[in-house]
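To find a chain, count down the sequence lines: A is the first, B the second, and so on, and within it residues start at 1.
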Protein chains: 2
Amino acid sequence: MTIYDIAKAANVAPSTVSRVINGNKNVKQSTREKVEAIIKEAGYTPNVLARNLSVGDSNTIAFVVPDIDNQFFTTLLHGITDMAMEIDANVFMFGTDENIEREQKVLSSLTSEMIKGIIIIPVLEENRTTKEKLTKFEESGIPVVLIDRDVIGSGFDGIFSEDSNGSAQAVELLIAEGHSNIAIITGPLTSYPGRERFKGYERALADNNITLNQEYVVNGGFRVQESYNAMKKIMQLEPRPTAIFTSNNLTTLGCLKYMKEHNMHIYEDISLVGFDDIPELTYTDINLTVVTRPVYKMGCDAMNLLKMRFPGSELSEGDRGIVRRHLVKTQIIKRGSEKYRPFEKNQE
Amino acid sequence: MTIYDIAKAANVAPSTVSRVINGNKNVKQSTREKVEAIIKEAGYTPNVLARNLSVGDSNTIAFVVPDIDNQFFTTLLHGITDMAMEIDANVFMFGTDENIEREQKVLSSLTSEMIKGIIIIPVLEENRTTKEKLTKFEESGIPVVLIDRDVIGSGFDGIFSEDSNGSAQAVELLIAEGHSNIAIITGPLTSYPGRERFKGYERALADNNITLNQEYVVNGGFRVQESYNAMKKIMQLEPRPTAIFTSNNLTTLGCLKYMKEHNMHIYEDISLVGFDDIPELTYTDINLTVVTRPVYKMGCDAMNLLKMRFPGSELSEGDRGIVRRHLVKTQIIKRGSEKYRPFEKNQE
DNA sequence: ATGAAAGCGCTAACAA
DNA sequence: TTGTTAGCGCTTTCAT
């Protein structure tokens, strides 16, 4: 069934049917009602493909994430799809497995006719090819919005968080509890969050006149197993750190994995503060103090930023030139894991 | 840039370019090479939309899940997308929030031109409208594959698991540990997994001559909060159950939430076995014994089942009529939470 | 092996 | 306010 069938049945031209469907005001009320009745009766639904081809527009947005299994990203997806629904847009989610080649393959598979916009958490902050590809999309009218991780020198809109401040606060918390031998399991220092979170750690130590011990800084690559290995390395150091700051949720899990295997416990044996919450843990005895962000909302915001760049948005021409980068505030949730038994004993 | 531009540059007809692109054999080797060279040089990529419109085919598949945040579903998504990639298909994921109206709205928004197939975890097992909509898709050539939950009397292909057997084994395990007052927090009994898991519980009790106490059966609706409430109810019963069987991952979390709030511990205070694993818990002191399934693989299998129904698949005509329903085996992972302290004391 | 031309279903000038 | 018509970019008979 096509628009022609409806037109014939309603005794009007196809273009009139098209006008009715698209809410064009240039239609007499009576004809509109007639056409609408027929559409309803026939159960006709327009062919989106044909429409998109005709107007040269699409209604799907691509969401590219490094790790499809990480809850952080699926929560973002939730926010994105909820906002996308408001404009009847659908979203493709692509996982790149933190692999730059895969990311580029995904990007290459995306043609400008099939998508209306891109929201991406890039694998690397500095990669020529990715940057070029994304830039090309923007040039061809497909807006790009970053979340969480930056692409340096790119000028894309984006939603980021105050990683450095958040981390600094977390480490300050540990210091306030009496810790001075604080290790950090970092993310890749080649990524915005990895580096900023490390910077926060650095700053908190400096502000409190604690000399940074390079041995206490180990890369966990934002991965469970790597972070487990990092923890192993850290635990062999002398003096052994009394507290750990973990740079993201997977890092925290890797750390916990090591602790479990070695029968170590928070409070008794070590203190731990992590970046990003792990909801499942709130149902356990691991009362993890964390730096969090409003993840769902960040997804919504990203989608809204994208919408603003769509043709026909209410964005004035003058406003188009400006780059919108939101820096959302982090928040500390204190649950107790920053505390350390030996220190409490001293106070007794 | 269109196929015409390429044609012009190569001094051939558009149809020839089309043939080259689609690997049609009726092209002289030399012209093929010439055209390919030009395509490459020009960096031309065909317009998928136009192709789809022309051939009346699409390359995206819809994945409809009740809860976008549940890891179980995102793991399925992972399998699905990995298999979809092999045929260059993309997947839309839709969350229905366990809400039948939303499910139907999603289904209505899907038109047969935009998708090539549907993989769905339906909210309800018995709902006229959903069943009709899905049937209509199949009739119009869009195959439907179910995962985990059935639509009764539908005859769709699907991947299910031996929920009943798995649950029975789990409960048997508890019985073997000496439990006889075993409660179950069920899922909705109007869903295949909800009911089958309950049936397994029933059967295990019956097989061991334990009378089923109706009070021990409380619905948690496959949700955290509801399961928490269910647990509260259960804990007020006399005699208080010594073991709980939870019907899915969220149910388990709700149960754990209650336990934490009331300072109850596995082994000391109660035993617990759950359906579906919760990976995060393996990094904690909650050594949960669970019934699991190969979730990622189930996603892959579902996609593969769908592929078989696509036009052009190697499925012989005779095979088209048969319904393919895979029943994957569950597996028990024993980690200790089935044990109960008071019983062990008796043995000492 | 190649080309010409008619469509796929819709939209958007342009006319009326 | 409505209709006519020429595309959108591709595929696919049907000729040649």
Side-chain angles (χ1 to χ4, degrees), chain A residues 1-36 38-39 42-60 88 110-116 140-142 311-312, chain B residues 1-36 38-39 42-60 88 110-116 140-142 311-312:
Chain A
M1 177 160 16
T2 76
I3 215 171
Y4 285 88
D5 302 319
I6 303 296
K8 204 164 294 171
N11 251 312
V12 296
S15 45
T16 302
V17 179
S18 174
R19 288 189 189 100
V20 170
I21 291 169
N22 295 297
N24 187 311
K25 33 215 81 203
N26 287 346
V27 183
K28 215 199 310 176
Q29 186 58 22
S30 60
T31 36
R32 158 158 295 136
E33 279 161 10
K34 183 173 58 177
V35 172
E36 273 168 350
I38 299 209
I39 288 180
Y44 162 80
T45 62
N47 184 322
V48 197
L49 245 57
R51 177 178 200 288
N52 287 347
L53 177 61
S54 185
V55 295
D57 188 26
S58 151
N59 225 15
T60 103
D88 286 312
L110 262 31
T111 61
S112 55
E113 317 87 37
M114 60 188 288
I115 54 169
K116 194 188 182 75
S140 68
I142 309 293
Chain B
M1 177 162 13
T2 77
I3 215 171
Y4 285 88
D5 302 320
I6 303 297
K8 203 164 293 171
N11 251 314
V12 296
S15 43
T16 302
V17 179
S18 174
R19 287 191 189 99
V20 170
I21 291 169
N22 296 297
N24 186 312
K25 36 216 73 203
N26 286 347
V27 183
K28 213 199 310 174
Q29 185 58 23
S30 60
T31 36
R32 158 158 292 134
E33 278 162 10
K34 183 173 58 178
V35 171
E36 272 168 350
I38 299 210
I39 287 180
Y44 163 79
T45 61
N47 184 324
V48 196
L49 244 56
R51 176 175 201 290
N52 288 345
L53 177 61
S54 185
V55 296
D57 188 27
S58 151
N59 226 15
T60 103
D88 286 314
L110 263 31
T111 61
S112 55
E113 317 88 36
M114 60 187 287
I115 54 170
K116 195 189 182 78
S140 68
I142 310 293

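Straight-line distance from the CG atom of A/Asn11 to the C1' atom of D/dT4: 16 Å, rounded to whole Å. One atom, CG of A/Leu49, and another, C1' of D/dT11, lie 14 Å apart when rounded to the nearest Å. Atoms CG (A/Leu53) and P (D/dA6) sit 18 Å apart, rounded to a whole Å. Between A/Arg51 atom CZ and D/dG7 atom C1' there is a gap of 16 Å when expressed in whole angstrom units. Taking atom CE on B/Met1 and atom P on D/dC8, their separation rounds to 15 Å, with Å as the unit. As rounded to whole Å, 14 Å separates atom C1' of D/dA15 from atom CG of B/Asn26. When rounded to the nearest whole Å, the span between CG of B/Asn47 and C1' of D/dC10 equals 8 Å. Rounded to a whole Å, the NZ atom of B/Lys25 is 17 Å from the C1' atom of D/dT12.
Among the atoms of the strands shown, base atoms are found under 4.0 Å from some heavy atom of A/Ser15. Across all strands, A/Asp57 comes closer than 4.0 Å to no nucleic acid atom at all (heavy-atom distances). Across all strands shown, B/Ser18 has heavy atoms under 4.0 Å from base atoms, whether or not it also approaches the sugar-phosphate. Among the protein residues, A/Asn52 comes within range of no part of the nucleic acid, since none of its heavy atoms lies under 4.0 Å from any strand. Across all strands, A/Asp5 comes closer than 4.0 Å to no nucleic acid atom at all (heavy-atom distances).
Considering only heavy atoms from C-beta on, B/Ile39 comes within 4.5 Å of B/Ile21 through its side chain. Side-chain contact check for B/Met1 versus B/Ile6: some heavy-atom pair is nearer than 4.5 Å. A/Tyr44 is listed as a side-chain neighbour of A/Ile3, based on a closest heavy-atom distance under 4.5 Å. Using a 4.5 Å cut-off on side-chain heavy atoms (C-beta onward), B/Lys116 and B/Asp57 make contact.
Along DNA chain C, the nucleotide nearest A/Thr2 and the nucleotide nearest B/Lys28 are compared for position; the residue whose nucleotide lies closer to the 5' end is B/Lys28. Nearest-nucleotide assignment on DNA chain D puts the 5′-proximal partner with A/Thr16, out of B/Thr16 and A/Thr16.
For DNA chain C, the span of nucleotides reached by chain A at under 4.0 Å from its heavy atoms goes, 5' to 3', from C/dG9 to C/dA13.
Checking side-chain atoms of A/Asn59 against main-chain N and O of A/Asp88 turns up a donor-acceptor pair under 3.5 Å. Judged by distance alone, with hydrogens and angles left aside, the side-chain atoms of B/Asn24 form a donor-acceptor pair with the main-chain N or O of B/Asn26 at under 3.5 Å.
Screening A/Asn47, A/Val48, A/Leu49 against B/Thr111 for a side chain to side chain contact (heavy atoms under 4.5 Å, CB included) leaves a single residue, A/Val48.
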